[in-house]
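What follows is a set of notes on a single structure, which appears directly below.
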Amino acid sequence: MSKKLLAEWYPQDAIQVAWPHAGTDWVRLLADIEAFYYELVDILSHQQQVVIAADPSLDSERIQGELARRGANLGNVRWFVVATDNTWARDHGPISIGDAAGIELLDFEFNAWGDKYGSRLDNAINREINRQHGYGAPLRHVDFVLEGGSIETDGEGTLLSTTTCLLNPNRNQGMNLAAVEAQLRQHLGIERFLWLRHGHLAGDDTDAHIDTLARFVDADTIAYVQCSDRADEHYRGLAQMEAQLQDFRRADGQVYRLVPLPLPQAITSASGERLPATYANFLITNRSILLPVYGDPADQQAIAALAAVSGERAVVPINCRTPIEEFGSLHCLTMQLPEGALSHA
């Protein structure tokens with residue numbers, strides 16, 4: 001039996017992040033985004049380990065001192081000096097597969113969502129952490145462009161994704177659906193494909209990553225973005241996406257339990273551009289579901305919707321008003337590493 005793509009709720013050793021610095025797109029918001037990272041690492045460090053890819057330009061003593069001052073568990077913070085372009089660990093971080101014999105970390109090609117931005121340094125982060133003996137599981141390079149935010153799985157061989165992203169010629173030019181599916185079967189052990197052909201958020205520069213739209217909460221449950229305002233520009237596309245989700249079936253032929261998440265009110269940048277705020281960009285950890293919130297009236301509705309299906313995991317809201325200024329949110333900035341992924345975990 002081949003190794004399969006692991007579900008996000010598979011037991012974890014750590015969450016991997018990349019710390020923002022003045023050479024990233026965060027330079028204009030550096031103090032605000034650092035405050036976000038301090039809160040995030042503080043929360044995570046009391047649950048599990050945190051792997052930080054830290055550019056050589058960063059002052060590690062200052063950052064770790066501030067983490068300590070805020071009460072973070074520094075014993076769970078693992079710091080690796082690695083040159084970075086940016087901070088989107090979901091998309092440059094390793095993708096995990098596993099079976100009873102163990103796990104493996106896959107290092108896919110990362111081209112910054114179709115060469116929209118520089119990615120040379122970020123594409124080498126995993127190999128550099130591995131060179132510094134950070135990983136305890138094998139890291140294997142795969143010559144195929146794939147971002148972690150573009151795929152969702154139930155951990156049982158089912159893949160949920162969007163054709164808008166994975167079939168975009170800016171990723172793996174010339175590959176049709178059959179060729180892309182063949183790659184995903186070969187490398188991720190995928191047996192069933194659930195392709196969404198509708199749904200996209202204004203301001204999203206990932207070509208409709210699935211983690212902005214619809215997410216597995218467990219093997220039988222999908223939480224998704226629902227738009228109830230017919231005047232909103234998203235209404236038609238998200239209604240078509242919802243209809244597709246209603247038609248999807250589990251491997252046993254049963255329908256999925258669908259959990260609608262509200263769409264936040266339009267949030268715009270200083271230049272008037274709509275930002276891709278979404279509650280679907282949550283992160284499942286060992287003990288919690290960390291949920292992005294935006295100071296929006298719908299925040300409480302989203303918290304309640306996820307809490308109803310989160311089981312023993314507490315729903316922990318984190319203000320992500322700053323992260324979406326660069327068109328991503330909580331899940332985009334993090335990558336889970338499963339049990340066995342870290343050396344000396």
Side-chain angles (χ1 to χ4, degrees), residues 2-6 8 10 12-21 23-26 37 41 44 48-58 60 63 76-98 101-151 166 170-172 183-184 186-189 206 209 211 328 331-345:
S2 64
K3 287 180 167 59
K4 287 184 170 61
L5 178 63
L6 296 177
E8 194 160 315
Y10 185 90
Q12 300 169 5
D13 271 348
I15 301 293
Q16 181 169 315
V17 301
W19 199 272
H21 57 86
T24 65
D25 293 337
W26 295 111
Y37 271 79
V41 173
L44 291 172
Q48 55 206 85
Q49 297 192 61
V50 184
V51 170
I52 299 178
D55 191 79
S57 65
L58 289 165
S60 63
I63 293 169
N76 271 345
V77 176
R78 303 185 66 174
W79 187 272
F80 295 89
V81 178
V82 182
T84 61
D85 294 304
N86 223 309
T87 54
W88 306 106
R90 176 62 44 180
D91 296 336
H92 64 240
I95 293 173
S96 305
I97 59 174
I103 67 164
E104 187 176 10
L105 304 178
L106 302 184
D107 184 36
F108 286 89
E109 285 292 316
F110 173 65
N111 72 352
W113 318 285
D115 296 314
K116 295 183 178 76
Y117 311 96
S119 59
R120 179 181 63 85
L121 298 177
D122 287 349
N123 193 36
I125 287 174
N126 303 326
R127 293 190 294 279
E128 180 57 25
I129 291 176
N130 195 50
R131 190 188 69 79
Q132 296 180 36
H133 309 292
Y135 299 133
L139 179 75
R140 173 165 60 90
H141 178 69
V142 181
D143 187 19
F144 180 76
V145 177
L146 186 70
E147 303 107 38
S150 70
I151 53 174
L166 264 64
N170 64 12
R171 303 304 207 279
N172 297 288
Q183 290 284 323
L184 298 172
Q186 176 186 347
H187 297 296
L188 301 180
T206 68
H209 268 187
D211 72 348
H331 195 251
C332 304
L333 293 168
T334 55
M335 174 56 85
Q336 73 279 355
L337 300 175
E339 273 188 4
L342 289 193
S343 61
H344 312 296

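What you see is a predicted model; the values in this text were computed from it and never measured.
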Does [X] reach the side chain of [Y], with side-chain heavy atoms less than 4.5 Å apart?
X    : Y    : value
I95  : I151 : yes
L188 : L146 : yes
L105 : N126 : no
D91  : H209 : yes
T87  : W26  : yes
L166 : S150 : yes
F108 : V145 : no

Original post:
So, S119 and H92: side-chain donor and acceptor under 3.5 Å apart, yes or no?
Top reply: no
Original post:
Without hydrogens or angle criteria, can the side chains of D122 and N86 be said to hold a donor-acceptor pair below 3.5 Å?
Top reply: no
Just to verify, what does [X] make a salt bridge (charged side-chain N to carboxylate O under 4.0 Å, His left out) with, not counting sequence neighbours?
X    : result
E147 : R171
D107 : R127
E128 : R131
R140 : E104

Does [X] have any side-chain contact (heavy atoms from CB on, under 4.5 Å) partners at least two apart in sequence or in another chain, and if so, which?
X    : value
Q48  : Q12, I15, T285, N286
N170 : K116, N168, D207
F80  : V51, R78, V82, I129, Q132

Original post:
What residue pairs, at least two apart or across chains, pass ring pair (Phe, Tyr, Trp, His ring centres under 6.0 Å) with a residue in residues 122-147?
Top reply: none
**OP:** Sequence neighbours left out, what passes side chain to side chain donor-acceptor pair (under 3.5 Å) with E8? Give chain and number order.
**Re:** R215, H331
**OP:** Could I get the full list of side chain to side chain donor-acceptor pair (under 3.5 Å) partners for S96, not counting sequence neighbours?
**Re:**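 Partners of S96 under the side chain to side chain donor-acceptor pair (under 3.5 Å) test: none.
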**OP:** Taking ring pair (Phe, Tyr, Trp, His ring centres under 6.0 Å) as the test, write out the residues that go with W19, two or more places apart.
**Re:**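 For W19 the ring pair (Phe, Tyr, Trp, His ring centres under 6.0 Å) partners, ignoring immediate neighbours, are Y37, Y38.
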Original post:
Among all residues two or more places apart in sequence or in another chain, which pass the ring pair (Phe, Tyr, Trp, His ring centres under 6.0 Å) test with F110?
Top reply: W113
Subject >> Residue pair L6 / I97: nearest heavy atoms and the distance that separates them >> reply: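 The answer is CG-C, 3.9 Å.
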Original post:
Between Q16 and I125, does a side chain to side chain contact (heavy atoms under 4.5 Å, CB included) hold up when you go through it step by step?
Top reply: CA-CA 11 Å; Q16 181 169 315; I125 287 174; 4.1 Å; yes
